[in-house]
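Down below is the structure, laid out as structure tokens.
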Amino acid sequence: MEDASRQIISSLAHCRMASAPPRTKVGLRPEPANGATCSSQTFSNNKLFDFCNDLPHLESYLHWTYNSSKPSLSIAFVAPPAKSTGWVAWAINPTSTGMAGSQSLIAFHHSNGSLIVRTFNITSYGPISPSPIAFDVSDSSAEYSDGVMRIFATLALPVGTTKVNQVWQVGSSVTDNVPDKHAFQADNLNSKGTLDLLKGESTTTGGGSSLRKKNIHGVLNAVSWGILMPFGVIFSRYLKTFKSADPAWFYLHASCQFSAYVIGVAGWATGLQLGKKSEGITYTGHRYIGIALFCLASLQVFALFLRPKKENKYRIYWNYYHHSVGYAVIVLSIINVFKGFDMLDPEKKWRTAYITVLIILGAIAALLEVITWVIVLRRKSGNSTKPYDGSNGANGYRGRQQPLSI
């Protein structure tokens with residue numbers, strides 16, 4: 001009987017342990033490349049947490065314990081920085097789901113070589129500086145080994161908090177003890193979610209739709225303003241030199257520029273939608289150049305209806321205006337495309353591809369410039385060496401110099 005009782009008690013203990021919330025003794029080194037999960041990780045300080053989550057982006061992990069009586073949230077955030085000189089960050093955003101407004105804990109190497117954790121109130125996507133955050137933070141520290149950083153901290157939460165919006169991020173560099181901006185790859189843009197403190201669950205809010213719109217915005221504007229517009233200028237400037245290309249050059253120029261305008265307006269409208277949905281994110285230069293491009297291009301389109309005829313004395317002034325505004329649009333377009341590359345930070349091949357297109361366009365323009373100048377100079381030379389017949393009128397007789405014998 002005594003042995004049987006011991007077996008029953010042992011079985012009940014095992015059942016209790018199985019039903020208890022998972023407590024993680026988290027790893028000295030997560031090995032994401034080998035498919036490690038948070039449950040296989042341990043800490044050098046032997047800290048234990050009730051829950052752990054394998055975060056879906058940036059090879060990151062979160063270990064945490066929620067104390068409902070205080071209330072407070074103790075966390076251990078684990079992630080490899082983008083480079084050994086970089087930083088990692090974990091944050092709670094009490095007002096939104098993105099980075100703007102997040103109350104952040106950021107770990108990085110100080111200029112004196114020590115690894116520190118500082119708080120940052122991220123009010124916008126511009127430059128940041130250390131600042132107090134909305135939550136009291138205690139027991140903050142950081143570790144770094146084998147290419148992985150770990151942030152430890154306890155945050156005091158408002159009474160009644162059951163869910164929080166979490167954001168995490170990694171960067172590659174630090175300047176003057178302030179983290180530099182992170183990359184804008186899909187993983188960086190989608191590293192956000194919701195933490196259910198009662199259920200112990202982490203869900204991802206995702207940003208796939210937003211990223212898709214940003215890519216659409218970039219492609220539309222790169223093709224329209226950055227490629228079609230320069231092609232239209234090439235048609236106008238060089239093809240009209242060839243008499244056989246008249247009036248085909250005009251229709252090619254007009255159709256190319258009009259197509260660029262329509263596609264560009266679609267890209268511009270997509271940018272406006274992205275701006276409305278991204279409160280706190282301000283790319284001032286890119287935005288203002290985009291507005292200027294839309295206004296100048298619209299002016300070009302409506303100015304076609306006011307174009308004087310060739311024989312009109314004001315046509316030359318219209319030409320000056322049309323050419324100067326057109327070249328301004330081309331220059332601003334190329335500048336803004338590169339600003340877009342800096343913002344989205346896509347794979348290097350896309351920037352290289354666009355630079356290659358510009359080089360090809362430039363080479364075509366340079367070649368046609370030489371050819372057209374040769375043609376124009378030959379025409380002028382031919383007209384200057386043509387024998388003078390004294391012709392003044394349409395009949396070719398009145399005013400013609402007569403032979404001396406007459």
Side-chain angles (χ1 to χ4, degrees), residues 21-43 47-66 73-83 86-94 96-108 117 120 122 135 140-155 157 161-172 179 182-211:
R23 294 179 67 85
T24 60
K25 189 177 179 180
V26 204
L28 183 62
R29 181 181 64 160
E31 298 177 348
N34 298 329
T37 62
C38 64
S39 58
S40 67
Q41 299 171 341
T42 57
F43 288 141
K47 281 192 175 182
L48 296 176
F49 297 88
D50 288 343
F51 302 98
C52 75
N53 304 113
D54 301 325
L55 301 178
H57 303 289
L58 303 175
E59 299 179 345
S60 305
Y61 307 90
L62 182 70
H63 308 265
W64 54 280
T65 297
Y66 173 59
L73 180 66
S74 298
I75 64 102
F77 174 70
V78 182
K83 292 183 179 179
W87 51 269
V88 302
W90 184 85
I92 293 177
N93 192 329
S96 182
T97 58
M99 182 63 76
S102 62
Q103 309 298 297
S104 305
L105 303 170
I106 305 182
F108 56 90
V117 178
F120 291 79
I122 311 297
F135 309 102
S140 62
S141 62
E143 293 179 356
Y144 179 76
S145 62
D146 298 322
V148 175
M149 283 187 182
R150 305 164 191 83
I151 297 176
F152 303 95
T154 298
L155 295 87
L157 301 179
T161 301
T162 58
K163 288 184 179 181
V164 293
N165 297 321
Q166 66 166 334
V167 184
W168 64 97
Q169 195 56 258
V170 300
S172 59
H182 58 77
F184 286 86
Q185 301 291 349
D187 271 357
N188 299 93
L189 298 176
N190 294 335
S191 56
K192 53 188 177 179
T194 301
L195 201 61
D196 191 317
L197 303 178
L198 299 182
K199 295 181 180 179
E201 297 175 349
S202 173
T203 56
T204 304
T205 56
S209 175
S210 175
L211 179 62

Looking at [atom1] of [X] and [atom2] of [Y], how far apart are the two atoms once the value is rounded to the nearest 0.5 Å?
X      : Y      : atom1 : atom2 : answer
Asp196 : Lys163 : CG    : NZ    : 5.0 Å
Leu73  : Phe135 : CG    : CZ    : 9.5 Å
Asn165 : Leu195 : CG    : CG    : 10.0 Å
Ser60  : Gln166 : OG    : CD    : 9.5 Å
Leu198 : Tyr66  : CG    : OH    : 6.5 Å
His63  : Ser74  : NE2   : OG    : 13.5 Å

Do Asn93 and Gln103 meet the criterion of a side-chain donor-acceptor pair at a distance under 3.5 Å?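 No pair is found: no donor N or O on one side chain lies under 3.5 Å from an acceptor on the other.
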
Under a 3.5 Å cutoff, is there a donor and acceptor pairing between the side chains of Arg150 and Ser145?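 Yes, a side-chain donor-acceptor pair sits under 3.5 Å.
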
Can you give me the closest heavy-atom contact between [X] and [Y], atom names plus distance?
X      : Y      : answer
Ile75  : Leu155 : CG1-CD1, 4.3 Å
Ala79  : Val170 : CB-CG1, 4.1 Å
Cys38  : Asn53  : SG-N, 3.6 Å
Trp87  : Ser172 : NE1-N, 4.1 Å
Pro81  : Gly147 : CD-O, 3.5 Å
Ala107 : Ala142 : CB-CB, 4.0 Å

Return the set of residues passing side-chain hydrogen bond (donor to acceptor under 3.5 Å, both in side chains) with Trp168 (not counting sequence neighbours), or none when no residue passes.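 Once residues adjacent in sequence are excluded, Trp168 has no partner under the side-chain hydrogen bond (donor to acceptor under 3.5 Å, both in side chains) criterion.
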
Apply side-chain hydrogen bond (donor to acceptor under 3.5 Å, both in side chains) to Ser140 and list each qualifying residue two or more places apart in sequence or on a separate chain.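 None.
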
Determine whether Leu55 and Tyr61 satisfy the following criterion, side-chain contact (heavy atoms from CB on, under 4.5 Å), listing intermediate values before the conclusion. CA-CA 5 Å; Leu55 301 178; Tyr61 307 90; 5.7 Å; no

Within-4.5 Å side-chain heavy-atom neighbours: Val78 and Val148: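 Of all side-chain heavy-atom pairs linking Val148 with Val78, at least one is under 4.5 Å.
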
A side-chain contact here means heavy atoms from C-beta on lying under 4.5 Å apart; do Met149 and Phe77 qualify?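 Side chain of Met149 against side chain of Phe77, heavy atoms only: no contact under 4.5 Å found.
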
Under 6.0 Å between ring centres, would you say that holds for Phe49 and Trp64?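 No, ring centres 6.0 Å or more apart.
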
Should Leu58 and Asn188 be marked as a side-chain contact (heavy atoms from CB on, under 4.5 Å) after you check the CA-CA gap, both sets of side-chain angles, and the distance that decides it? CA-CA 7 Å; Leu58 303 175; Asn188 299 93; 3.9 Å; yes

Sequence-distant partners of Thr161, side chain to side chain contact (heavy atoms under 4.5 Å, CB included), two or more places apart: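 With sequence neighbours excluded, Thr161 shows a side chain to side chain contact (heavy atoms under 4.5 Å, CB included) to Leu157, Pro158, Val164, Leu197, given in chain and number order.
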
Report the C-alpha separation of Val88 and Gln169 in whole Å, then their side-chain angles, then the decisive distance to 0.1 Å, and conclude whether the side-chain contact (heavy atoms from CB on, under 4.5 Å) test is met. CA-CA 6 Å; Val88 302; Gln169 195 56 258; over 6 Å; no

Test ring pair (Phe, Tyr, Trp, His ring centres under 6.0 Å) applied to Phe120 - qualifying residues, sequence neighbours left out: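 Result, ring pair (Phe, Tyr, Trp, His ring centres under 6.0 Å) vs Phe120: none returned.
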
